[in-house]
Amino acid sequence: MPLKVLDATVSSFDGVFDKFRSDCVRAEPVIYKKLEASPDDIALLRAYVGDRPTWRNPQHPWRMDPRFKLTGVPTLIRWENNTVKGHLEDHEAHIESKIEALVADK
């Protein structure tokens with residue numbers, strides 16, 4: 001599992017922590033915008049990972065499930081015919097061009 005390190009001091013902790021928590025908040029509107037604009041038929045399944053302490057548990061079901069093996073949230077996974085065709089992990093799930101490429105990948 002890749003390690004994501006953010007540095008903070010006592011005085012910068014609140015800002016750094018808010019940025020860390022904002023990954024999903026930042027990505028969600030971009031994801032919806034790109035998926036809604038797609039000419040293809042798309043079904044979006046949202047799966048919640050729970051609160052932060054629940055998600056951070058290494059034994060979390062979404063981390064352990066062999067179909068997903070999530071390492072970060074949000075993660076976009078493209079499924080077709082019961083097969084994973086591509087995915088975007090938390091560090092790239094807010095980038096419009098990557099979402100477009102994932103959706104367009106045939």
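The basis for the numbers below is simple: all heavy atoms, side chains too, and nothing from hydrogens, waters or symmetry mates.
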Residue that, paired with Lys33, satisfies salt bridge (charged side-chain N to carboxylate O under 4.0 Å, His left out) out of Glu96, Glu100, Glu28
Glu96
Quick check: closest heavy atoms across Val103 and Ser38, and the distance to 0.1 Å?
CG1-OG, 3.3 Å
Hphob cluster co-occupancy, Ile31 + Tyr48, side-chain heavy atoms under 4.5 angstrom:
no
Would you find a donor on one side and an acceptor on the other, under 3.5 Å apart, between the side chain of Asn81 and the backbone of Thr83?
no
For the residue pair Ala93 and Pro74, what are the closest heavy atoms and their distance?
CB-O, 3.8 Å
d(Glu92 CD, Leu76 CG) to nearest 0.5 Å is 9.0 Å
Using side-chain heavy atoms (C-beta onward) and a distance below 4.5 Å, is Leu70 in contact with Asp65?
no
d(Ile99 CD1, Leu102 CG) to nearest 0.5 Å is 8.5 Å
As a quick check of understanding, evaluate side chain to side chain contact (heavy atoms under 4.5 Å, CB included) for Arg56 and Arg63, giving each step before the final call.
CA-CA 10 Å; Arg56 296 308 300 164; Arg63 292 180 184 275; 3.6 Å; yes
Do the side chains of His60 and Val49 get nearer than 4.5 Å, heavy atoms only?
yes
To the nearest 0.5 Å, how far apart are CG in Asp90 and OG1 in Thr71?
6.0 Å
Which distance, rounded to the nearest 0.5 Å, do you find between the NZ of Lys69 and the CD1 of Ile77?
11.5 Å
Output yes when Glu80 and Arg78 qualify as a salt bridge under the 4.0 Å nitrogen-oxygen rule, no when they do not.
yes
Roughly how far apart are Asn82 CG and Arg67 CZ, rounded to 0.5 Å?
8.5 Å
Nearest heavy atoms of Thr75 and Glu89, plus distance in Å
OG1-CA, 4.0 Å
Quick one: list whatever passes ring pair (Phe, Tyr, Trp, His ring centres under 6.0 Å) with Phe68, sequence neighbours left out.
Trp62, Trp79
